Amino acid sequence: MAAIPALAQRVPPAPGCLDARQMSEVRQASSRQLAVQGQDGQRFRITLDGDCPGAGEASAVLLAHEGWVCGAGDEFVRIGASVCAVAGVERIDARAYAAMAREASIRRADDEVKTLETVQVRAPQRKGFAGSPSFCFNPRYLRAWSEDSKGMLVELSPRRSGGHRYYRVELAQTCPDLDSAPAIVFRSGVGIGLICGNPGDRVIAQDSGGGSLFDAGDPALAFADDPRRSARMGMRVQCNVAAVYPHEPEG
């Protein structure tokens, strides 16, 4: 049987172009900006020529010659019934992409809350918040952590984290007790079980008596906001998480 020839690799017409045929994730960070991640892991910011109605309400489709978006003109984004011109496209790093993706998630949650009919709330509702491995990790799969001048570096199961083994966790303040803590707990501020840098996300350093690390039913988590009970559970310090993104080794 003859071997099936491999598909020819697509070559961009210019450096910095986005292959719209190989997108893995598209997020609308604002009415004029899209965050796009390609199947090869490259990340881009697309800036539109003006406000694009329907932002966040439907999937975005990129329209360009041969599928290449380079910011050179005659390139468009279709969002629902709206077609909007592309003003520019640029490569961005994991940190910038995570910030845009997180903003898109929060913006979508806010839009969903605004469109809800009047209801009687009986428990906290966090349905609108969502995350992906591009800017979130699940602390259940944490293997190890370390601290440096840039914050924390956590190691997880790549199979459970979109192929990413390490994540950078930037903290909102200095946390000198983390490097000496025998155990830590990550807590989601919006109740989704993921750490994304959302409001209220935090890392809690514990003494050896802190109990289970990642169980959502851990009693230590229930007392995290009560200093007296936290002290009895062995807690030492709580630090707010400012940003989360896959770690990319320099060079």
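If you read the sequence from its start, that first residue is 1, and numbering goes on from there. Everything quoted here is computed from the prediction, not taken from an experiment. Basis for what follows: all heavy atoms, side chains included, without hydrogens, waters or symmetry-related copies.
We find the OG-CD distance between S30 and Q33 to be 4.5 Å, quoted to the nearest 0.5 Å. For the atom pair CD1 (I192) and OG (S105), the distance works out to 6.5 Å, reported to the nearest 0.5 Å. To the nearest 0.5 Å, the span separating SG on C239 from CZ on F186 amounts to 10.0 Å. Rounding to the nearest 0.5 Å gives a distance of 13.0 Å between CG of L156 and CZ of R140. Atom CG of L34 and atom CG of L62 lie 7.0 Å apart (nearest 0.5 Å). From H247, atom NE2 reaches atom CZ of R168 across 6.0 Å, with rounding to the nearest 0.5 Å.
In this structure, V169 is a member of the same hydrophobic cluster as I184, with clusters built from ILVMFWY side-chain heavy atoms closer than 4.5 Å.
Under the salt bridge (Lys or Arg N to Asp or Glu O under 4.0 Å) criterion, R91 pairs with no residue, sequence neighbours left out. Remark: A172 engages N240, A242 in a side chain to side chain contact (heavy atoms under 4.5 Å, CB included) (not counting sequence neighbours). Residues that satisfy the side-chain hydrogen bond (donor to acceptor under 3.5 Å, both in side chains) test with E66, not counting sequence neighbours, are absent from this structure. Not a single side-chain hydrogen bond (donor to acceptor under 3.5 Å, both in side chains) links Y167 to another residue, sequence neighbours left out. Partners of S188 according to the side-chain hydrogen bond (donor to acceptor under 3.5 Å, both in side chains) rule, which considers only residues two or more places apart in sequence or in another chain, do not exist here. Among residues two or more places apart in sequence or in another chain, the salt bridge (Lys or Arg N to Asp or Glu O under 4.0 Å) test is passed with R32 by D51. For R165, the salt bridge (Lys or Arg N to Asp or Glu O under 4.0 Å) criterion is met by E155, not counting sequence neighbours. For D74, there are no side-chain hydrogen bond (donor to acceptor under 3.5 Å, both in side chains) partners at least two apart in sequence or on another chain.
Cluster note: L153 groups with Y166 through ILVMFWY side-chain heavy atoms spaced under 4.5 Å, whether in direct contact or through intervening members.
Counting heavy atoms from C-beta outward, L194 and D201 have side chains that stay 4.5 Å or more apart. The side-chain heavy atoms of V61 and V77, taken from C-beta on, include no pair separated by under 4.5 Å.
Using modelled atom types, no side-chain atom of S161 and backbone atom of G163 make a donor-acceptor pair closer than 3.5 Å.
For residues 40-50, every residue pair satisfying the salt bridge (Lys or Arg N to Asp or Glu O under 4.0 Å) rule, not counting sequence neighbours, is listed here: R43-E248, R45-E90. Applying the ring-ring contact (aromatic ring centres under 6.0 Å, His included) test to residues at least two apart or on different chains, none of the pairs has a partner in residues 61-99. Residue pairs satisfying the side chain to side chain donor-acceptor pair (under 3.5 Å) criterion with at least one member in residues 11-22, sequence neighbours excluded, are listed as follows: R10-D19.
Summarising the geometry of P13 relative to C70, their closest heavy-atom pair is CG-SG, 3.8 Å, with the distance given to 0.1 Å.
Shown are Q42, M23, E25, R27; of these, the side chain to side chain contact (heavy atoms under 4.5 Å, CB included) with Q37 is made only by E25. Of the candidates V86, I46, L18, E75 forms a side chain to side chain contact (heavy atoms under 4.5 Å, CB included) with just one, namely V86.
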Run the side-chain contact (heavy atoms from CB on, under 4.5 Å) test on C196 and V244 for me, step by step, so that the C-alpha distance in whole Å, both residues' side-chain angles and the decisive distance to 0.1 Å come before the verdict. CA-CA 5 Å; C196 312; V244 171; 5.5 Å; no
